[in-house]
Peer 1: 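One structure is given below, represented as structure tokens, and several questions about it will come after.
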Amino acid sequence: MFKIPFFKKNKNKTDHIDHIENVPEHVAIIMDGNGRWAKKKGLPRFAGHKQGMDNVRNIVRRANNRGIKILTMYAFSTENWKRPRDEVDYIMKLPKEFIHNYLPELIQENVRIQTIGDFNLLPAHTKQAVNEAKERTKSNDGLILNIALNYGSRGEILQAVQQLVKEVESDKLSPDTIDEQVLAKYLYTTGLKDPDLVIRTSGEQRLSNFLLWQVAYAEFWFTDKYWPDFDDEAFDKALLDYQNRKRRFGGLTNKK
Ligand code: FPP
């Protein structure tokens, strides 16, 4: 199938685009390698997380510029509580710092902030900052920045099943009517299209309990770059690669 080039011909710079076709609507990113990035530079792990946070801003800007509609970023998993207390405390301060530093710009760019995950266990200051950002961006209809905070996919599916059982027990739902669409409504991602592309940085190639249900037909892209080094060019590489994938969703359409 003929593809219109993603990058303008005769230009080395990747920020000149002639035409974008086949852009993933929803990109989900596992931001890995902050600690190793810091270690490589002789810095404490915190410095890696701080740089990682600033890079979220860069990639949101690029995603917006490339016409992506939803960007889901894995910021903190339900398993990350196992980390040393001071590291957890530091990561929990980052949403507030991110919002403080970047919310005005994000509002200007019509970005809407949402989250997925179990909010209950988050510190009050984290919840408060995130809730304020959600509230202040709720009528924006541009890119959705969906931050996965205290997120775990198995837990998400489990709480969906628990809610469904309660609905059945109270006769609000009949078991025969529960199909994939109904179950998906009880996930944190309700209303969001499933990811088209999943990116993981730092050379690891696993899902780590991220969106297990939702990525059933997603494309995957891995890079050795640590998250703080994942720049516009690396992002464009992933998009270009995606652009040339043939998605068949189990069928035969477009098969050569
Ligand atoms: C994984 O790297 C990264 C995390 C667990 C934290 C990710 C958080 C951010 C990038 C900032 C959050 C941003 C916002 C907007 C809230 P790692 O620490 O596991 O790295 P390592 O595997 O090299 O040790």
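In each ligand, atom 1 is the first atom listed, and ligand 1 is the first ligand listed.
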Peer 1: Would Thr189 and Leu211 count as a side chain to side chain contact (heavy atoms under 4.5 Å, CB included) if you check the C-alpha gap in whole Å, the side-chain angles of each, and the deciding distance to 0.1 Å?
Peer 2: CA-CA 9 Å; Thr189 47; Leu211 302 172; 4.0 Å; yes

Peer 1: Can you confirm whether the side chains of Asn209 and Glu79 place a donor and an acceptor under 3.5 Å from each other?
Peer 2: yes

Peer 1: Determine whether the side chains of Asp196 and Tyr217 contain a donor N or O and an acceptor N or O closer than 3.5 Å.
Peer 2: no

Peer 1: Mind checking whether Tyr74 and Trp227 sit in one hydrophobic cluster, side chains of I, L, V, M, F, W, Y counted as touching below 4.5 Å?
Peer 2: no

Peer 1: If you measure from the Lys or Arg side-chain nitrogens to the Asp or Glu carboxylate oxygens, is any gap between Arg62 and Glu233 under 4.0 Å?
Peer 2: no

Peer 1: For Arg36, take its heavy atoms, then give the atoms of ligand 1 lying under 4.0 Å from any of them.
Peer 2: 21 (P), 22 (O), 23 (O)

Peer 1: Students should be able to answer this: which protein heavy-atom is nearest to atom 13 (C) of ligand 1, and at what distance?
Peer 2: Val56 CG2, 3.9 Å

Peer 1: May I ask you to check if ligand 1 and Asp32 share an N or O to N or O distance below 3.5 Å?
Peer 2: yes

Peer 1: Record the part of Arg45 in heavy-atom contact with ligand 1 below 4.0 Å; permitted values are side chain, backbone, both and neither.
Peer 2: side chain

Peer 1: Does one hydrophobic cluster hold both Leu143 and Ile99, with members joined at side-chain heavy-atom distances below 4.5 Å?
Peer 2: yes

Peer 1: Closer than 4.0 Å to some heavy atom of Met31 - which atoms of ligand 1 meet that?
Peer 2: 1 (C), 2 (O), 3 (C), 10 (C)

Peer 1: Does Gly33 have a heavy atom less than 4.0 Å from any atom of ligand 1?
Peer 2: yes

Peer 1: For the atom pair NZ (Lys138) and CD1 (Ile113), what is the distance rounded to the nearest 0.5 Å?
Peer 2: 14.0 Å

Peer 1: Using a plain distance cutoff, I'd like to know if Met53 has any nitrogen or oxygen under 3.5 Å from a nitrogen or oxygen of ligand 1.
Peer 2: no

Peer 1: Any idea which protein heavy atom is nearest atom 8 (C) of ligand 1, and the distance to it?
Peer 2: Ala75 O, 3.5 Å

Peer 1: Ligand 1 and Trp227, any nitrogen or oxygen pair closer than 3.5 angstrom?
Peer 2: no

Peer 1: Heavy atoms, side chains only, cut-off 4.5 Å: are Val88 and Phe76 in contact?
Peer 2: yes

Peer 1: Report the part of Arg83 (side chain from C-beta onward, or backbone N, CA, C, O) that has a heavy atom under 4.0 Å from ligand 1; answer both or neither where that applies.
Peer 2: side chain

Peer 1: Quick one: look at Asn80 and ligand 1, take heavy-atom pairs under 4.0 Å, and tell me if it's side chain, backbone, both or neither.
Peer 2: side chain

Peer 1: Who's the nearest protein heavy-atom neighbour of atom 9 (C) of ligand 1, and how far?
Peer 2: Asn34 ND2, 3.9 Å

Peer 1: Within 45 degrees of the ring normal and closer than 6.0 Å to the centroid, is that where the cationic atom of Lys134 sits relative to Phe119?
Peer 2: yes

Peer 1: Which of the atoms of ligand 1 are close to His49, meaning less than 4.0 Å from one of its heavy atoms?
Peer 2: 4 (C), 6 (C), 18 (O)

